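Take a look at the structure below.
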Amino acid sequence: MFITFEGIEGAGKSTAQRLLADHLQNKGYTVCTTREPGGCSLGRRLRAVLLDARTTGLRSKAELFLFLADRAQHVGEVIRPALDEGQIVLCDRYVDSTVAYQGYGRGMDTDQLVAVNNLAIGGLWPHLTLLLDLPPEMGLIRAGQRNKEEGTVISEGRFESESLTFHTRVREGYLERAAGEPDRFAIIDASCPPEDVLLQCVSAVEAKLREFGRVVE
Ligand code: TYD
């Protein structure tokens with residue numbers, strides 16, 4: 001089963017991913033945790049370019065195709081093989097990030113973005129997308145603190161440095177997509193503590209596992 005985490009900066013996706021992976025492994029599932037950009041060796045090089053605040057003047061289309069190159073390689077090298085082995089894949093960001101950031105954030109045509117993404121992923125859409133939702137004011141404060149603590153303000157700060165209105169558009173984009181595909185998306189209230197976020201994620205995942213006849217009690 002293929003599960004993605006989505007949300008604005010500082011929504012707590014990587015913490016939720018880690019806690020959910022532990023939870024599922026304790027239940028006996030084999031789990032593959034990965035992320036975009038940077039889930040494969042080519043992607044790690046692309047990530048350095050894409051997220052570095054010193055990457056200036058990058059055209060929106062060039063940015064898009066770098067994310068898509070990362071995704072196409074990642075699907076072929078990591079995600080599809082793990083799914084073929086029956087693993088549960090937990091991926092931090094995927095296609096919906098492109099539609100939210102490059103589409104709603106940068107203003108590119110969202111139908112075109114879905115079409116080029118579909119080409120990059122070869123039709124491999126997630127079974128479940130956990131949308132960690134919270135107000136951008138809250139997310140940006142959290143993300144800024146994390147980058148300061150980890151010393152990544154410059155090396156990973158290109159998107160954090162976008163305006164609040166940019167991140168507000170991204171959040172609205174995510175919510176619009178979730179409303180359009182209610183069977184795939186679960187909206188998680190990410191403003192609560194990590195344990196509560198985990199509980200919400202677990203209940204959405206268990207519902208999906210039940211649907212697929214793969215639930216372990
Ligand atoms: P990341 O470190 O994953 O962000 P976070 O810590 O918030 O999860 O950085 C990825 C950044 O790249 C994030 O700001 C969103 C952006 N992004 C896009 O604009 N388009 C995409 O397709 C992807 C995958 C990420």
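The structure displayed is predicted, hence computed values, not measured ones.
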Chi angles and distances behind the side chain to side chain contact (heavy atoms under 4.5 Å, CB included) call for His167, Glu172: CA-CA 9 Å; His167 289 100; Glu172 283 164 4; over 6 Å; no
Interatomic distance, Asn117 atom CG to Thr98 atom OG1 [nearest 0.5 angstrom]: 4.5 Å
Between CG on residue Asp183 and CG on residue Leu128, distance to nearest 0.5 Å: 10.5 Å
Asn147 and Thr152 side chains, donor-acceptor separation under 3.5 Å: yes
Least distance between heavy atoms, Leu134 atom then Ala190 atom: CD1-O, 4.0 Å
Approximate separation, where rounding is to 0.5 Å, of Asp92 CG and Leu132 CG: 9.5 Å
Minimum side-chain heavy-atom gap Gln200-Asp189 below 4.5 Å: yes
Backbone N/O of Gly57 and side chain of Arg59: donor-acceptor pair under 3.5 Å: yes
Phe185, Phe212, Phe2 screened by ring pair (Phe, Tyr, Trp, His ring centres under 6.0 Å) with His127, the one that passes: Phe212
Beyond-backbone contact of Ile121 with Tyr94, side-chain heavy atoms, under 4.5 angstrom: yes
Hydrophobic cluster membership, Leu199 vs Ile88, 4.5 Å side-chain cutoff: no
Pair Glu211 + Lys208, salt bridge at N-O below 4.0 Å: yes
Pair Asp22-Lys27, salt bridge (Lys or Arg N to Asp or Glu O under 4.0 Å): steps then yes or no: CA-CA 9 Å; Asp22 289 347; Lys27 291 228 159 199; over 6 Å; no
Arg45 atom CZ, neighbour heavy-atom count above 12 within 6.0 Å: no
Side chain to side chain contact (heavy atoms under 4.5 Å, CB included) assessment of Leu50 paired with Thr55: CA-CA 7 Å; Leu50 280 163; Thr55 303; over 6 Å; no
Close side-chain approach of Arg214 and Tyr29, heavy atoms under 4.5 Å: yes
Heavy-atom closest pair, residues Val78 and Cys32: CG1-SG, 4.2 Å
Side-chain heavy-atom pair Leu164, Leu140 within 4.5 angstrom cut-off: yes
Leu51 reachable from Leu58 in the ILVMFWY side-chain graph, under 4.5 Å edges: yes
Distance-minimising heavy-atom pair for Thr56 and Ala53: CG2-O, 4.1 Å
Validation row: Thr34, Leu90 side chains within 4.5 angstrom (heavy atoms): no
Over all atoms of both residues, closest heavy-atom pair of Asp70 and Pro37: OD2-CA, 3.1 Å
Heavy-atom side-chain contact between Val197 and Leu19 under 4.5 Å: no
Tyr101 and Arg169: side chain donor to acceptor below 3.5 Å: no
Shortest non-hydrogen contact between Glu85 and Gln87, atoms and distance: OE1-NE2, 2.8 Å
Arg177 bridged to Glu6 by N-O distance under 4.0 Å: no
Spacing of CZ belonging to Arg158 relative to CG belonging to Asp52, to within rounding of 0.5 Å: 9.0 Å
Ile188/Leu131 under side chain to side chain contact (heavy atoms under 4.5 Å, CB included): CA gap, chis, key distance, verdict: CA-CA 6 Å; Ile188 307 294; Leu131 172 56; over 6 Å; no
Over all atoms of both residues, closest heavy-atom pair of Gln112 and Asp109: N-OD1, 2.8 Å
Point-to-point distance, once rounded to the nearest 0.5 Å, from NE2 of His74 to CG of Leu124: 11.0 Å
Hydrophobic cluster membership, Ile8 vs Phe166, 4.5 Å side-chain cutoff: yes
Linked, directly or transitively: Val95 and Ile79 (ILVMFWY side chains, under 4.5 Å): yes
Carboxylate-amine/guanidinium contact Glu137 Arg171, below 4.0 Å: no
4.5 Å side-chain heavy-atom contact, Val89 and Met1: no
Student check: side-chain heavy atoms of Arg142 and Glu9 closer than 4.5 Å: no
Criterion side chain to side chain contact (heavy atoms under 4.5 Å, CB included) on Lys61 and Arg106, from CA distance to verdict: CA-CA 10 Å; Lys61 276 188 197 150; Arg106 300 253 188 262; over 6 Å; no
Common cluster, Phe159/Leu68, ILVMFWY with side-chain heavy-atom separation under 4.5 Å: no
Rounded distance (nearest 0.5 Å) linking atom CZ of Phe67 with atom OG of Ser97: 8.0 Å
